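Take a look at the structure below.
What you see is a predicted model; the values in this text were computed from it and never measured.
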Amino acid sequence: MKWDIFCSVVDNYGDIGVCWRLARQLAAEYGFEVRLMCDDLQVFARICPGLDATAACQRAGGVEIRRWDGELHVAPAQVVLESFGCRLPEVYVEAMGRASAAPLWINFEYLSAENWVERCHGLPSRHGHLPLVTWFFYPGFTAATGGLLREAHLLRERDAFLADREVQVQYWRSLGLAPAARNLSLFCYGGAPLDAWLAELAAAPQPLRLIVPEGVANAELARWGLAVQAGSSVQHGGLSLVRIGLQDQPGYDRLLWACDMNVVRGEDSFLRALWAGRPFCWHIYPQQDGAHAAKLEAFLGRYLGEAGEGLARAAAVAFMRAWNGLDGAPDIAAAWRALQAQPAECAQFAAARAQHFAGGTDAAAGLVKFVREKLQ
Ligand code: TRH
C-alpha cells in the first residue's frame, strides 16, 4: 500500500519529529511504500543527520523524502496523511478528486489527553466540491482514541540497553563522556525556572551531571557559563553541566533511557520520556492565553492515572506543576527536594506507568486498522 505523509514544520521539531517517526514505522513494520513530503528540510536535518536539505527527493530510513515547496505535481497515494491540519497543496487535492478510486485522506492530529479527543476521533468531514472526505485521527491515551505512537521493538530495545552495563559504558563514550553516578537530561523551552533548579542541583550532596542538547536553554545556561557548542561543559559545586549535539531520534531515546530523570518538552518527547520508564518532567509549550494549564492537567490526569495517592505520584505532580509555573504550585526547589527524597519509589512509579500504557494500542497499529476498515 502507498502512503503520502505531508508535514509542514510550523515551529520546533515536534511536527517533523512525529511524521518522521510514524513514516519509518509504517515502512519498517508494515512494508508500506511511504513518501514523506516536508516543507523544511533544514529543520528535519537537525534530527536526521545525513539528510540533504537541498535534495528534491531522497531516501532515508526506508522512506522516500520529498521537498515540499509550493505545489507538488505527483500522483496521490492510496492513503494520504495531512499531519496537524497542514493543508495539502491545491493541485494535489485536485488530483485526489480526479483519481478513479478516491484516496483515503486522514488528518493526523496532535496528541492531547483532553476528553474532547474521544468525541472527535474518527469523525469525517466532506470536501466542499470534490468527492473527497477527510477523516480525523486523534492519537490518545484511551481505547476510544487512536493510541500512542510506540514502535513494536521499542521496549525490548530499552530493556536490553538497561540490562547491559557495557552497552551503557559504550553509549556514554559515544558522547565523549565517562559514565557518571547520576545523570539528568534537559530539553525545555525558555521561561523554565532554571536558575533556582540549577542552584539546588549544584548544592545537592551527591554529584549530578545534567546533559543538555544544543539549542536548548542557551540564554539561561550562558549565565551558568555553559557554551552552546557540543562538547562544552562547566562545573558548579557537585553539578556538571554538559552540552551535547542534537541527537537523531534513536539516539535521543538512548539518552532518555540512560538518564535517571529527564526534563522534556512538546508531545513527542513527552511520549519518549514516558516509554523510557524513567521519572520525567514535562515542560508544556506555553500559550499566551494560559490554555496550556488545562492541557497539562489533562496530561497529568492520564499519565498519573489511577495509580493511587502514593508519595511518588504526589511528588511528580508537584514538580511538573512547579516547573510549568501553575497557580498554587510549590516552589521548584521544594518540589525537587520532595522528588529526591524517594528516588526508588519515583523510579518504580515511572516504570509502572510505562508498562501500563504499553498495554494499549500503538498509534501506528491504530491507524493501520482504521485505514483497513475504511478501505474495505
Ligand atoms: O520540538 P518541540 O518543542 O515541538 C513542539 C510540539 O510539537 C508542540 O506541539 C508545538 O506546539 C510546539 O513545538 C510549538 O518538542 P517535541 O514535540 O517533543 O519534538 C521534539 C522532537 O525532536 C522529538 O521527535 C524528539 C526529537 N529530538 C531528537 O530527535 N533529538 C534530540 O536530541 C532532541 C532533544 C529531540
### Message
Under a 3.5 Å threshold, yes or no: a donor from one side chain and an acceptor from the other, between R150 and Q25?
### Response
no

### Query
Do D15 and Y110 meet the criterion of a side-chain donor-acceptor pair at a distance under 3.5 Å?
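Checked: D15/Y110 side chains pair up, N/O donor to acceptor below 3.5 Å.
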
So, the side chain of [X] versus the backbone of [Y]: is there a donor-acceptor pair under 3.5 Å, distance only?
X    : Y    : answer
W105 : N107 : no
R321 : G328 : no
H283 : Y189 : yes
N324 : W282 : yes

### Query
Aromatic rings W197 and F319: how do their planes relate, parallel, tilted or perpendicular, breaks at 30° and 60°?
tilted

Is [X] salt-bridged to [Y], going by a charged N under 4.0 Å from an acidic O?
X    : Y    : result
R254 : E157 : no
R223 : D195 : yes
R337 : E200 : yes

### Task
Step by step, work out the ring pair (Phe, Tyr, Trp, His ring centres under 6.0 Å) result for Y13 and W20.
CA-CA 10 Å; Y13 305 106; W20 175 223; over 10 Å; no

### Message
I'd like to check the ring pair (Phe, Tyr, Trp, His ring centres under 6.0 Å) partners of F280; sequence neighbours left out, ordered by chain and number.
### Response
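F280: ring pair (Phe, Tyr, Trp, His ring centres under 6.0 Å) contacts with F270, Y303.
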
### Message
If the test is ring-ring contact (aromatic ring centres under 6.0 Å, His included), which one of F136, W135, F108, F137 qualifies with H121?
### Response
F137

